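All figures in this text were calculated on a predicted structure; none of them were measured in a lab.
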Amino acid sequence: IIPPDYTRETSRTVQDPERIEALQGSRLRLTMPGGGRWRVRFGTEALAADESGGAASVDLPLARSGYLAIERADRDDSASRRLIPVTVVPDRAPTIRVDRPGKDLLLPDATPVVGVSAAATDDFGLRSLELRYTKVSGSGEQFEFEEGALPLAITRESGRAWQARTDLALSKIGLAPGDAMIYRLVGRDERPGDAGAASSETFFIEVAGP
């Protein structure tokens with residue numbers, strides 16, 4: 001069982017297993033002695049086997065759970081058939097939590113500097129973490145929206161656990177009386193693409209209007 005490269009986990013070998021459990025994205029290399037004497041299916045899908053050195057082998061990417069059916073090609077009886085359940089465990093997206101202030105704020109003006117601290121964890125490793133915000137200004141039916149991102153000071157307790165903090169200087173961001181700022185933390189794990197993206201809860205900072 002060969003795990004995805006991004007996990008940096010080592011391969012493991014099992015012999016004559018009752019069941020197989022693996023992380024989604026792993027590859028299963030099944031080897032059976034006796035060359036072409038075997039037929040293999042994953043569910044209803046027949047798998048092609050390569051023969052080499054008196055053994056047959058099947059290489060299968062593990063994207064979903066199911067079962068392997070292994071049977072002798074030269075027999076047609078249940079005694080020569082094996083069914084092996086295969087459980088594919090999905091890789092969870094990162095967990096991101098805003099610890100401070102951890103609530104919506106209504107401020108009398110835009111002079112305060114709001115300290116934000118957060119924590120992020122992942123099963124196999126984090127790749128990025130940033131604070132994203134939307135500034136909302138205007139009134140009535142005339143609203144303007146401005147999006148931005150702020151870097152974080154990150155302390156890496158390990159590759160799988162990060163602590164992050166930043167200071168939101170509301171006047172530098174351009175908040176005026178009656179404006180609001182909506183922010184959240186967004187992170188990714190080591191998986192390619194968008195599958196490993198996650199977000200914290202969203203919070204508001206509102207500056208009181210006249």
### Query
Any donor and acceptor pair, going by atom type alone, linking the side chain of Ser65 with main-chain N or O of Val88 inside 3.5 Å?
yes
Gap between atom [atom2] of [Y] and atom [atom1] of [X] - 0.5 Å precision:
X	Y	atom1	atom2	answer
Glu18	Ile20	CD	CD1	11.0 Å
Asp104	Phe203	CG	CZ	7.0 Å
Glu71	Trp38	CD	CH2	10.0 Å
Leu30	Ile1	CG	CD1	10.5 Å
Leu129	Asp189	CG	CG	12.0 Å
Leu107	Asp179	CG	CG	12.5 Å

### Query
Is the count of non-hydrogen atoms from other residues, nucleotides or ligands lying under 6.0 Å from Arg156 atom CZ greater than 12?
yes
### Message
I'd like to know whether CD of Glu157 has more than 12 heavy-atom contacts from other residues, nucleotides or ligands below 6.0 angstrom.
### Response
yes
### Task
Verify side chain to side chain contact (heavy atoms under 4.5 Å, CB included) between Phe124 and Leu23, making sure each step is shown before the conclusion.
CA-CA 11 Å; Phe124 297 100; Leu23 180 69; 3.6 Å; yes
So, for [X] and [Y], which heavy atoms are closest and what is the spacing to 0.1 Å?
X	Y	result
Pro94	Leu126	CB-CD2, 3.7 Å
Pro4	Ser26	CD-OG, 3.5 Å
Gly125	Arg160	N-CG, 3.9 Å
Ala197	Ala93	O-CB, 3.8 Å
Leu83	Pro85	O-CD, 3.8 Å
Leu152	Ala164	CD1-CB, 4.0 Å

Side chains of [X] and [Y] in contact at under 4.5 Å (non-hydrogen atoms):
X	Y	answer
Gln24	Asp91	no
Pro101	Val116	yes
Val14	Arg12	yes

In this structure, would [X] and [Y] fall into the same cluster of hydrophobic residues linked by side-chain contacts under 4.5 Å?
X	Y	value
Leu175	Phe143	no
Val114	Val207	yes
Val136	Ile173	no
Leu168	Ile182	no
Leu150	Ile154	yes

Ignoring hydrogens and angles, write down the donor-acceptor pairs under 3.5 Å from the side chains of residues 52-61, residues two or more places apart or on other chains.
| unit_1 | atom_1 | unit_2 | atom_2 | d |
| --- | --- | --- | --- | --- |
| Asp59 | OD2 | Arg27 | NE | 3.2 |
| Asp59 | OD2 | Arg27 | NH2 | 2.9 |

### Query
Charged N to carboxylate O under 4.0 angstrom, Asp194 versus Arg188?
yes
### Query
Salt-bridged, Asp122 to Arg127, with N to O below 4.0 Å?
no
### Message
Under the criterion side chain to side chain contact (heavy atoms under 4.5 Å, CB included), I'd like the reasoning laid out for Glu201 against Val98: C-alpha separation, chi angles, the key distance, then a yes or no.
### Response
CA-CA 7 Å; Glu201 188 179 351; Val98 176; over 6 Å; no
### Message
Working note: Arg132 + Thr134, criterion side chain to side chain contact (heavy atoms under 4.5 Å, CB included); need CA distance, chi angles, decisive distance, verdict.
### Response
CA-CA 7 Å; Arg132 294 183 186 175; Thr134 300; over 6 Å; no
### Query
Would Val86 and Tyr67 satisfy side chain to side chain contact (heavy atoms under 4.5 Å, CB included), going step by step from the backbone distance to the final call?
CA-CA 5 Å; Val86 178; Tyr67 66 91; 5.7 Å; no
